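Below, chains carry the letters A, B, ... as their sequence lines are ordered, and counting in each starts from 1. Quantities reported herein were computed from a predicted structural model and do not represent experimental measurements.
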Amino acid sequence: MPKRKQDTTSDTNKKKVKTTCNKSDEEDDENERYWLIKAEPHTRMENGVDVKFSIHDLEKKKVEHWDGVRNYEARNILRDKMKVGDLCLFYHSNCKEPGIAGLAKVVKEGYPDFTAWDPRSPYFDPKSDKDKPKWFMVDVEFVKVLPRFISLKEVQFYKDEDALKGMKLLTRGRLSVQPVKKSAFEFILNLSEKDNETF
DNA sequence: GCCAACGTTGGC
DNA sequence: GCCAACGTTGGC
């Protein structure tokens, strides 16, 4: 099932040259085992296909391939970085109340996104060669629905918390597969364990 | 449904 | 390799 129509970043994003010992945020990200993945929880037709996929759809399916990502930066994460066992915040986008709805776990590492070769798929990419796959996906498994939905508004409200510093959800809104720092991951889960009258 | 922000394309 | 024009994302 298609997840999201993908946004875009250049393939030529050059990897930063590694300098001696200074740990940049970027390098930290590479060691993180947490991610945020976006999907649209409501029906939207694209190319005659409904792209809807919510945390509840994942709950029913148990495991699903995360297809349809057509952005190089996100692709690189799917192909190279996500490892079996990594946890993902499941984000609902393009809906009345966008936010983090649940948790998923990587159960299969990057492999070619076959929807790129299917002319009937909304994610068909005629430029993707079967012998040289351009787009990748992982398989994710349902973990849980968060005890309390954490809206984007709520995350934005806490944007100055140290734990959320540099969170890409706040700075790179369009990136649909993104790394999440451990501190941010834990902060979000913590929030969702607690009632909050404001949200 | 609008549109700002952001990503890509392609002419030069 | 710059950058204007264009297309898409996704919150609102």
Whole Å only: how far is the CG atom of Leu169(A) from the C1' atom of dG11(C)? 11 Å

Here the distance between atom C1' of dT9(B) and atom OH of Tyr72(A), to the nearest Å, is 11 Å

Lys38(A) side-chain N/O to dG10(C) phosphate OP1/OP2 under 4.0 Å: yes

Which residue pairs pass the ring pair (Phe, Tyr, Trp, His ring centres under 6.0 Å) test with at least one member in residues 133-155 of chain A, sequence neighbours excluded? Tyr72(A)-Trp135(A)

Expressed in angstrom and rounded to an integer, what is the separation of Glu40(A) atom CD from dT9(C) atom C1'? 9 Å

Are side-chain heavy atoms of Phe185(A) and Arg33(A) found at a separation under 4.5 Å? no

Salt bridge (Lys or Arg N to Asp or Glu O under 4.0 Å) filter on Lys159(A), not counting sequence neighbours, yields none

Which whole-number value in Å describes the distance from His92(A) NE2 to dG11(C) P? 12 Å

Checking dC12(C), dT9(B), dC6(B) against the side chain of Arg174(A) (C-beta onward), the nearest is dC6(B)

Does any non-hydrogen side-chain atom of Asp113(A) lie less than 4.5 Å from one of Val69(A)? no

Rounded to whole Å, the NZ-C1' distance (Lys168(A) to dT9(C)) equals 18 Å

Collect all protein-nucleotide pairs involving nucleotides 1-3 of chain C in which both atoms are nitrogen or oxygen and the distance is under 3.5 Å.
none

Rounded to whole Å, the NE2-C1' distance (His42(A) to dG10(C)) equals 13 Å

Among residues at least two apart in sequence or on other chains, which ones pass salt bridge (Lys or Arg N to Asp or Glu O under 4.0 Å) with Asp57(A)? Lys52(A), Lys60(A)

Length of the CG-C1' vector between Leu152(A) and dT9(C), whole Å: 13 Å

Is there a side-chain contact between Tyr91(A) and the phosphate of dT9(C), meaning an N or O under 4.0 Å from OP1 or OP2? no

Residue set satisfying salt bridge (Lys or Arg N to Asp or Glu O under 4.0 Å) with Glu161(A), at least two apart, ordered chain then number -> none

What residues form a salt bridge (Lys or Arg N to Asp or Glu O under 4.0 Å) with Asp118(A), not counting sequence neighbours? Arg120(A)

Between atom CZ in Arg70(A) and atom P in dT8(C), what is the gap in whole Å? 14 Å

